[in-house]
Every structure is written in structure tokens, then in C-alpha cells.
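Order of the sequence lines fixes the chain letters, A, B, ..., with proteins taken first and strands second; residue numbering starts at 1 for each chain.
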2 protein chains.
Amino acid sequence: MASLGDLERSVMSLLWDSGQRLSANEVCEQLDEDLAVTTVLTVLSRLEKKGLVQRERTTRPHRYAATASREEHTVQMLNEVLGTVPDREAVLARFIGGVSECEAAALRKILSP
Amino acid sequence: MASLGDLERSVMSLLWDSGQRLSANEVCEQLDEDLAVTTVLTVLSRLEKKGLVQRERTTRPHRYAATASREEHTVQMLNEVLGTVPDREAVLARFIGGVSECEAAALRKILSP
DNA sequence: GAAACAGTTCTACATTGTGTAGAAACTTGT
DNA sequence: ACAAGTTTCTACACAATGTAGAACTGTTTC
């Protein structure tokens, strides 16, 4: 349910990079493309409805921020993908089989008790 | 680019479960829903275009099979998700931080040299 | 407090992906 | 050559997304 379009992804990326609460105008300016503010507002609303963005309604202009960090969100995505298969560990085994030795070492370190 | 709709997913699931090359008719029969064969053929064609399904055109009826195993395909999805972030390992670290002790043990075993 | 302005919501339209299937075209055994 | 089975073409509905104008609302200023 949390698939994002290109523009939605750009906006999230922006919010993640600047850990700040941004106004729609700020988001609009910082985007590479040259879009109408209403466009950005629409996208922000949609992201809010999807639960990816949190909006401060008390201030004027409203300020928007990502509800979860990029990492948290991506982990959620990973788990969503893993939820589509019957044997989660089989997939993880194969995933690990495909990573570089370098990354494998990093994973070992993370896992070491 | 490899997001699947519900029906597409059902069909893939079927092809994965039966490791066989199936005809459109067989797929159609084995699906729970009661669909027209042409519907199944459309979906199979779309899956072929996406590269998820391979079709034997020499036989009559054509036979369809998944190009990659469910695990391979899911790993590809995982890597696609991981490709959207700048710091892949940060995500993996967080992912591992969230798994059960049981699964962590399994991962350690897979990673052990 | 009315006007000007900034910001937000509503509404709308185009495009694309997906589910769905009939009509038309094609293949093959008899 | 025809009937039966199979595939391709075409088509339509519905949802998600990109896009933005029109209308509304809240704020500031004279």
C-alpha cells in the first residue's frame, strides 16, 4: 500500500534530507522541477493520508515533516516485500548469499552479540 | 518497475507453486476466481512483458513459467527497495535490529564462514 | 473593518497500470 | 476446408498519480 510515485518520492526525499519541518513553499522551492505550489500541496496531502507525512496545522503556513525516518520507512518496505512470500527466511538466505563479502562482514558485525 | 497487481500476483504465485510450465487454461482452472481465459492470457502477456514470465511459443497451447524463482524474484525486490536509499547499510542495520532473536540466530548461521 | 495578500482546500483533467473480457485472427487435426 | 481450440487485438472501467486553476480562509495593513 505504500508505493510512491516519482514526485511523491522526490518530496519524501527532500523531507528526509532536511530533517526539518518545511512549509509547502519551501518544499516547492527546493524541488528541482518548477511546479505550482498547489501541486506540492496536493502531493503533501496525499502523503499525509498515506501516513508518511505529518502536518502541523496550528501554524500558518502549515509545516510538514516525515513521520518516519528514511531508514524506518525503508525497513517497513522491506518487511512488506518479505510479507508476500511464504518462506521469509529462504528469501533472506538467498539475499545474503548475494551480498558482497564486504557487506557480509558488516552484517556479521551488526549481528554479533 | 516490478510492482504487481492482485491478479498478477495470484498468477505468479501459482506458477511458482507448481514449478511446471502451465498453459493459460491450466492457470485459469487453478485460480480460485472464475475468470475468462482471455483475462488470464492478458495477464500472462503482461507478466511476460515485465520479464517475470517466460513463454514457450513453439508448443500449442503455449506454456508459461516463471523466469525466476519466488526467492530470486523477491530478493530482486528487496534490492530494488534498497536501491532507493543513499545508505543501504544503514537500512540493513535497522532491519536486523528489528528481527526476532530466533531469526537473528538463523542469519548468523547463514553468514558464518 | 475592508482590502490586499498568503496559504489551503476543492475540483478537475490527463496519463498510466491493472482487471476484465468480447471480437477477430490464427493453428491444426480431420 | 472446416470445426475446435488458442492467441491477439481492442476496449472499457477503475484506481493512483502528476498537474494546476478556482474558490475559500486566515492574516496583515491601512
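Counting all heavy atoms, side chain and backbone alike, A:Arg63 lies closest to A:Ser23 at NH2-CB, 4.0 Å. When all heavy atoms of A:Arg70 and A:Thr74 are compared, the pair lying nearest together is O-OG1, 2.6 Å. A pairwise comparison of heavy atoms in B:Ser3 and B:Lys50 identifies O-NZ, 3.1 Å as the closest pair.
Connection of B:Met12 to B:Tyr64 is established within a shared hydrophobic cluster, with ILVMFWY side chains joined at heavy-atom distances below 4.5 Å, either directly or through further cluster members. Two different hydrophobic clusters hold A:Leu15 and A:Val75 under the rule that ILVMFWY side chains link at heavy-atom gaps under 4.5 Å.
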Next on the checklist: Strictly under 4.0 angstrom, non-hydrogen atoms only: write out the protein contact profile of nucleotides 25-30 of chain C, one letter per nucleotide from the 5' end, B, S or -.
Outcome noted: --S---

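Mapping heavy-atom proximity under 4.0 Å, the span of DNA chain D touched by chain A runs 5' to 3' from D:dT17 to D:dT27.
Among the protein residues, A:Arg63 comes within range of no part of the nucleic acid, since none of its heavy atoms lies under 4.0 Å from any strand. Residue-level contact check: A:Arg9 touches neither bases nor backbone, having no heavy atom under 4.0 Å from any strand.
With sequence neighbours excluded, the residues forming a side-chain contact (heavy atoms from CB on, under 4.5 Å) with B:Gln54 are B:Thr67, listed by chain and number. With sequence neighbours left out, the salt bridge (Lys or Arg N to Asp or Glu O under 4.0 Å) criterion links B:Arg21 to B:Glu56. Evaluation of the salt bridge (Lys or Arg N to Asp or Glu O under 4.0 Å) rule for B:Arg46 yields no partner, not counting sequence neighbours.
Distance CD/B:Glu71 to CG/A:Leu92: 11.0 Å, rounded to 0.5 Å. If you take CG on B:Leu47 and CZ on B:Arg55, they are separated by 10.5 Å, rounding to the nearest 0.5 Å.
Among residue pairs with one or both ends in residues 77-88 of chain B, those qualifying as side-chain hydrogen bond (donor to acceptor under 3.5 Å, both in side chains) are A:Glu103-B:Arg88, B:Asn79-B:Arg88; sequence neighbours excluded. For residues 11-45 of chain A, the set of pairs meeting the ring-ring contact (aromatic ring centres under 6.0 Å, His included) definition, not counting sequence neighbours, comprises A:Trp16-A:His73.
Protein atom CD of A:Glu56 is 16 Å distant from nucleotide atom C1' of C:dG7, rounded to whole Å. Per the geometry, CZ belonging to A:Arg57 stands 17 Å off P belonging to C:dG7, to the nearest Å.
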Name the atoms and distances for all side-chain donor-acceptor pairs under 3.5 Å in residues 31-41 of chain B, with sequence neighbours left out.
none

Quick one: side chains of residues 104-113 of chain A, donor-acceptor pairs under 3.5 Å with protein atoms, not counting sequence neighbours, listed by atom name and distance.
{"residue": "A:Arg108", "atom": "NE", "partner": "B:Leu111", "partner atom": "O", "Å": "2.8"}
{"residue": "A:Arg108", "atom": "NH2", "partner": "B:Leu111", "partner atom": "O", "Å": "3.2"}
{"residue": "A:Ser112", "atom": "OG", "partner": "A:Lys109", "partner atom": "O", "Å": "2.8"}

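Rounded to 10°, the helix from C:dG1-D:dC30 to C:dT30-D:dA1 has 10° between the axis fitted to its first five pairs and the one fitted to its last five.
Across residues 41-49 of chain B, B:Thr42, B:Arg46 each have a non-hydrogen atom less than 4.0 Å from an atom of DNA chain C (numbered order). The stretch residues 10-40 of chain A comes close to DNA chain C through A:Asn25, A:Thr38, each having a heavy atom under 4.0 Å from the strand.
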